[in-house]
Amino acid sequence: MKTEAVYLHDSTLRTLNTEIESCQAISSLPENEQALAKNVAPEHSALTMHRTIFYPQGGGQPSDIGIIGPADSEPSRFKVSLVRKTREGKILHFGELIGDAHASSPFTTGAAVVQKIDAPTRNYHTRLHSAGHIVGVAMQLLFPEMKKVKANHAPREAAMEYEGLLYNEHKPLIQEKVDELVRQDLPILISWSEATDLQTDDTQDARDGPIRVASIGGLDHNPCGGTHVASTNLVGAVTIRKISRQKGVSRVAYEVPLEERE
Ligand SMILES: [Zn+2]
(Lines give C-alpha, C1' and ligand atoms only; values in the text may rest on other atoms or scores of the structure.)
Protein backbone atom coordinates (compact mmCIF):
# COMPACT_ATOMS: atom_id res chain seq x y z
CA MET A 1 0.00 0.00 0.00
CA LYS A 2 1.17 3.52 -0.79
CA THR A 3 2.39 5.57 2.18
CA GLU A 4 1.25 9.18 2.55
CA ALA A 5 4.50 11.16 2.15
CA VAL A 6 3.85 13.98 4.61
CA TYR A 7 7.36 15.49 4.16
CA LEU A 8 6.41 16.47 0.59
CA HIS A 9 3.73 18.84 1.92
CA ASP A 10 5.29 19.94 5.20
CA SER A 11 9.03 19.43 5.58
CA THR A 12 9.11 21.40 8.86
CA LEU A 13 7.52 18.61 10.94
CA ARG A 14 9.92 16.73 13.25
CA THR A 15 7.28 14.59 15.04
CA LEU A 16 4.08 12.98 13.82
CA ASN A 17 1.41 10.66 15.23
CA THR A 18 0.33 7.80 13.01
CA GLU A 19 -0.52 4.08 13.08
CA ILE A 20 1.45 0.95 12.28
CA GLU A 21 0.55 -0.81 9.09
CA SER A 22 3.13 -3.60 9.28
CA CYS A 23 6.23 -4.68 11.19
CA GLN A 24 8.17 -7.44 9.48
CA ALA A 25 11.52 -9.16 9.60
CA ILE A 26 13.61 -8.03 6.64
CA SER A 27 13.99 -11.68 5.58
CA SER A 28 10.20 -12.00 5.17
CA LEU A 29 9.89 -9.03 2.79
CA PRO A 30 9.41 -9.55 -0.95
CA GLU A 31 12.67 -9.55 -2.93
CA ASN A 32 12.31 -6.01 -4.34
CA GLU A 33 11.89 -4.64 -0.81
CA GLN A 34 14.77 -6.68 0.63
CA ALA A 35 16.96 -5.24 -2.12
CA LEU A 36 16.34 -1.75 -0.65
CA ALA A 37 17.70 -2.85 2.74
CA LYS A 38 21.30 -3.12 1.53
CA ASN A 39 23.75 -2.43 4.39
CA VAL A 40 21.00 -2.96 6.99
CA ALA A 41 21.69 -5.79 9.47
CA PRO A 42 19.65 -8.82 8.31
CA GLU A 43 18.18 -9.33 11.80
CA HIS A 44 16.65 -5.84 11.76
CA SER A 45 13.02 -5.14 10.87
CA ALA A 46 10.96 -3.03 8.51
CA LEU A 47 8.08 -0.83 9.69
CA THR A 48 5.43 0.72 7.49
CA MET A 49 2.87 3.26 8.68
CA HIS A 50 -0.09 5.03 7.10
CA ARG A 51 1.92 8.23 6.74
CA THR A 52 5.43 9.41 7.41
CA ILE A 53 7.60 12.46 7.96
CA PHE A 54 10.76 10.34 7.42
CA TYR A 55 12.50 11.33 4.17
CA PRO A 56 13.43 8.23 2.16
CA GLN A 57 16.85 8.22 0.45
CA GLY A 58 16.45 9.65 -3.05
CA GLY A 59 17.27 12.48 -5.43
CA GLY A 60 20.81 12.53 -4.01
CA GLN A 61 19.52 13.33 -0.51
CA PRO A 62 20.26 10.76 2.21
CA SER A 63 17.56 9.13 4.31
CA ASP A 64 16.39 10.52 7.64
CA ILE A 65 17.19 8.66 10.84
CA GLY A 66 15.18 8.75 14.06
CA ILE A 67 12.95 6.94 16.53
CA ILE A 68 9.44 5.50 16.37
CA GLY A 69 7.76 4.69 19.66
CA PRO A 70 4.36 3.69 20.95
CA ALA A 71 2.02 6.63 21.60
CA ASP A 72 1.81 5.61 25.29
CA SER A 73 5.14 5.64 27.11
CA GLU A 74 6.16 1.98 27.03
CA PRO A 75 9.92 1.52 27.34
CA SER A 76 10.27 0.27 23.80
CA ARG A 77 11.45 1.93 20.66
CA PHE A 78 12.21 1.33 17.03
CA LYS A 79 15.45 2.97 15.97
CA VAL A 80 15.28 3.92 12.28
CA SER A 81 18.61 3.69 10.43
CA LEU A 82 17.44 3.80 6.80
CA VAL A 83 14.26 4.79 4.98
CA ARG A 84 13.55 3.72 1.40
CA LYS A 85 10.61 4.06 -0.95
CA THR A 86 9.44 1.37 -3.38
CA ARG A 87 8.41 2.17 -6.95
CA GLU A 88 4.82 1.79 -5.81
CA GLY A 89 5.25 4.54 -3.20
CA LYS A 90 5.41 2.32 -0.13
CA ILE A 91 7.85 3.80 2.40
CA LEU A 92 9.88 1.27 4.44
CA HIS A 93 11.55 2.23 7.73
CA PHE A 94 14.42 -0.15 8.40
CA GLY A 95 15.85 -0.43 11.88
CA GLU A 96 16.12 -2.11 15.18
CA LEU A 97 13.63 -2.88 17.94
CA ILE A 98 15.13 -1.81 21.26
CA GLY A 99 14.09 -1.94 24.92
CA ASP A 100 11.16 -4.23 25.71
CA ALA A 101 10.11 -4.28 22.10
CA HIS A 102 11.41 -7.82 21.67
CA ALA A 103 9.21 -9.37 24.33
CA SER A 104 5.81 -8.32 23.02
CA SER A 105 6.06 -6.03 20.06
CA PRO A 106 4.01 -2.86 20.48
CA PHE A 107 4.30 -2.42 16.73
CA THR A 108 1.29 -4.50 15.75
CA THR A 109 -1.00 -3.44 12.92
CA GLY A 110 -3.14 -0.47 13.94
CA ALA A 111 -1.03 0.47 17.00
CA ALA A 112 -0.70 4.22 17.58
CA VAL A 113 2.90 5.44 17.34
CA VAL A 114 4.86 8.69 17.37
CA GLN A 115 7.55 9.34 14.75
CA LYS A 116 10.51 11.51 15.75
CA ILE A 117 13.12 12.32 13.16
CA ASP A 118 16.62 13.33 14.20
CA ALA A 119 16.38 17.10 13.65
CA PRO A 120 20.11 18.03 13.36
CA THR A 121 20.61 15.33 10.70
CA ARG A 122 17.52 16.40 8.73
CA ASN A 123 18.47 20.09 8.98
CA TYR A 124 21.99 19.37 7.72
CA HIS A 125 20.71 17.23 4.83
CA THR A 126 18.18 19.97 3.98
CA ARG A 127 20.90 22.63 3.84
CA LEU A 128 23.24 20.39 1.81
CA HIS A 129 20.47 19.57 -0.65
CA SER A 130 19.37 23.20 -0.94
CA ALA A 131 23.00 24.23 -1.52
CA GLY A 132 23.06 21.76 -4.44
CA HIS A 133 20.23 23.73 -6.03
CA ILE A 134 22.17 26.97 -5.47
CA VAL A 135 25.29 25.52 -7.14
CA GLY A 136 22.94 24.41 -9.93
CA VAL A 137 21.59 27.93 -10.43
CA ALA A 138 25.13 29.38 -10.38
CA MET A 139 26.23 26.85 -13.02
CA GLN A 140 23.17 27.59 -15.15
CA LEU A 141 23.90 31.33 -15.03
CA LEU A 142 27.64 30.90 -15.74
CA PHE A 143 27.65 27.93 -18.13
CA PRO A 144 24.13 27.60 -19.57
CA GLU A 145 25.37 25.18 -22.23
CA MET A 146 26.61 22.60 -19.73
CA LYS A 147 24.09 19.85 -19.05
CA LYS A 148 23.67 18.56 -15.50
CA VAL A 149 24.16 14.80 -15.34
CA LYS A 150 24.19 13.96 -11.66
CA ALA A 151 23.68 15.37 -8.18
CA ASN A 152 24.75 13.98 -4.83
CA HIS A 153 23.86 15.78 -1.60
CA ALA A 154 25.37 13.33 0.90
CA PRO A 155 27.70 14.63 3.63
CA ARG A 156 31.37 14.63 2.51
CA GLU A 157 30.33 13.56 -1.01
CA ALA A 158 28.15 16.47 -2.07
CA ALA A 159 28.75 17.38 -5.71
CA MET A 160 27.02 18.40 -8.90
CA GLU A 161 28.22 16.87 -12.18
CA TYR A 162 28.05 18.40 -15.67
CA GLU A 163 28.84 17.37 -19.21
CA GLY A 164 31.86 19.33 -20.43
CA LEU A 165 35.14 20.48 -18.98
CA LEU A 166 35.73 22.76 -16.04
CA TYR A 167 39.11 23.54 -14.48
CA ASN A 168 40.44 24.99 -11.24
CA GLU A 169 40.42 28.47 -12.78
CA HIS A 170 36.60 28.25 -12.83
CA LYS A 171 36.41 27.62 -9.10
CA PRO A 172 36.55 31.28 -7.92
CA LEU A 173 33.98 32.19 -10.57
CA ILE A 174 31.51 29.56 -9.34
CA GLN A 175 32.27 30.44 -5.70
CA GLU A 176 31.56 34.11 -6.35
CA LYS A 177 28.22 33.39 -8.05
CA VAL A 178 27.18 30.99 -5.28
CA ASP A 179 28.09 33.57 -2.60
CA GLU A 180 26.03 36.17 -4.43
CA LEU A 181 22.96 33.88 -4.59
CA VAL A 182 23.30 33.08 -0.86
CA ARG A 183 23.72 36.77 0.02
CA GLN A 184 20.62 37.72 -1.99
CA ASP A 185 18.59 35.43 0.32
CA LEU A 186 16.33 34.35 -2.56
CA PRO A 187 13.15 32.47 -1.62
CA ILE A 188 13.10 28.72 -2.34
CA LEU A 189 9.51 27.93 -3.22
CA ILE A 190 7.68 24.64 -3.68
CA SER A 191 4.81 24.31 -6.11
CA TRP A 192 2.90 21.51 -7.78
CA SER A 193 2.77 21.50 -11.55
CA GLU A 194 0.41 19.77 -13.98
CA ALA A 195 2.73 20.59 -16.91
CA THR A 196 3.19 17.42 -18.95
CA ASP A 197 6.63 18.30 -20.33
CA LEU A 198 8.24 18.04 -16.87
CA GLN A 199 10.34 14.97 -16.14
CA THR A 200 9.95 13.54 -12.63
CA ASP A 201 13.04 13.01 -10.52
CA ASP A 202 13.59 9.68 -8.77
CA THR A 203 12.04 10.92 -5.53
CA GLN A 204 8.59 11.09 -7.05
CA ASP A 205 6.32 8.30 -8.18
CA ALA A 206 5.61 7.44 -11.77
CA ARG A 207 3.49 10.24 -13.11
CA ASP A 208 -0.01 9.91 -11.69
CA GLY A 209 -0.62 13.47 -10.55
CA PRO A 210 1.00 16.88 -10.28
CA ILE A 211 4.81 17.05 -10.05
CA ARG A 212 6.50 18.79 -7.13
CA VAL A 213 8.73 21.62 -8.32
CA ALA A 214 11.35 23.58 -6.37
CA SER A 215 12.28 27.03 -7.63
CA ILE A 216 14.87 29.52 -6.43
CA GLY A 217 14.01 33.19 -6.75
CA GLY A 218 12.24 32.49 -10.05
CA LEU A 219 15.66 31.71 -11.59
CA ASP A 220 15.14 27.99 -12.07
CA HIS A 221 12.45 25.33 -11.67
CA ASN A 222 13.42 21.75 -10.85
CA PRO A 223 11.17 18.76 -10.33
CA CYS A 224 12.26 17.74 -6.83
CA GLY A 225 10.92 15.72 -3.93
CA GLY A 226 13.70 16.76 -1.53
CA THR A 227 13.60 18.98 1.56
CA HIS A 228 14.61 22.65 1.27
CA VAL A 229 15.35 25.67 3.44
CA ALA A 230 12.98 28.62 2.94
CA SER A 231 15.58 30.96 1.45
CA THR A 232 19.13 30.76 0.15
CA ASN A 233 20.83 32.54 3.08
CA LEU A 234 19.70 29.74 5.42
CA VAL A 235 22.08 27.20 3.86
CA GLY A 236 25.02 29.05 5.44
CA ALA A 237 28.30 29.67 3.65
CA VAL A 238 28.64 27.23 0.74
CA THR A 239 32.23 26.25 -0.08
CA ILE A 240 33.15 25.06 -3.55
CA ARG A 241 35.69 22.44 -2.48
CA LYS A 242 37.09 21.03 -5.65
CA ILE A 243 36.65 20.74 -9.39
CA SER A 244 37.57 17.45 -11.03
CA ARG A 245 37.04 15.78 -14.40
CA GLN A 246 36.43 12.24 -15.57
CA LYS A 247 35.47 11.03 -19.07
CA GLY A 248 34.25 14.43 -20.20
CA VAL A 249 32.19 15.04 -17.07
CA SER A 250 33.15 17.72 -14.56
CA ARG A 251 32.39 17.41 -10.89
CA VAL A 252 31.84 20.47 -8.71
CA ALA A 253 32.22 19.34 -5.08
CA TYR A 254 30.78 21.58 -2.38
CA GLU A 255 29.97 21.64 1.32
CA VAL A 256 28.03 23.64 3.91
CA PRO A 257 28.91 24.15 7.59
CA LEU A 258 27.50 21.56 10.02
CA GLU A 259 26.16 24.31 12.24
CA GLU A 260 23.11 26.30 11.27
CA ARG A 261 23.28 30.02 10.70
CA GLU A 262 22.05 32.01 13.72
ZN1 LIG B 1 15.38 19.92 -4.15
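Order of appearance sets the numbers: ligands from 1, and atoms from 1 within every ligand.
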Asker: For the ring pair His44 and Phe94, is the centre-to-centre distance below 6.0 Å?
Answerer: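 That pair fails the under 6.0 Å test.
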Asker: Regarding Asn222 and Arg212, is there a side-chain donor-to-acceptor distance under 3.5 Å anywhere?
Answerer: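 Side chains of Asn222 and Arg212: no pair found under 3.5 Å.
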Asker: Check this for me: does any side-chain nitrogen of one of Arg251 and Glu161 sit under 4.0 Å from a carboxylate oxygen of the other?
Answerer: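 Yes, Arg251 and Glu161 are salt-bridged.
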Asker: Could you check whether His125 and His153 have their ring centres less than 6.0 Å apart?
Answerer: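 Ring centroids of His153 and His125 are no less than 6.0 Å from each other.
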Asker: What is the number of protein N/O/S atoms located under 2.8 Å from the Zn ion (ligand 1)?
Answerer: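 For the Zn ion (ligand 1), protein nitrogen, oxygen or sulfur atoms under 2.8 Å: 4.
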Asker: Assign the ring pair His129 / His133 to parallel, tilted or perpendicular, where the plane angle (0 to 90°) is split at 30° and 60°.
Answerer: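 Judged by the thresholds at 30° and 60°, the geometry between His129 and His133 is perpendicular.
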Asker: Between Glu163 and Lys148, is there a side-chain N and carboxylate O pair less than 4.0 Å apart?
Answerer: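 No, no charged N to carboxylate O under 4.0 Å.
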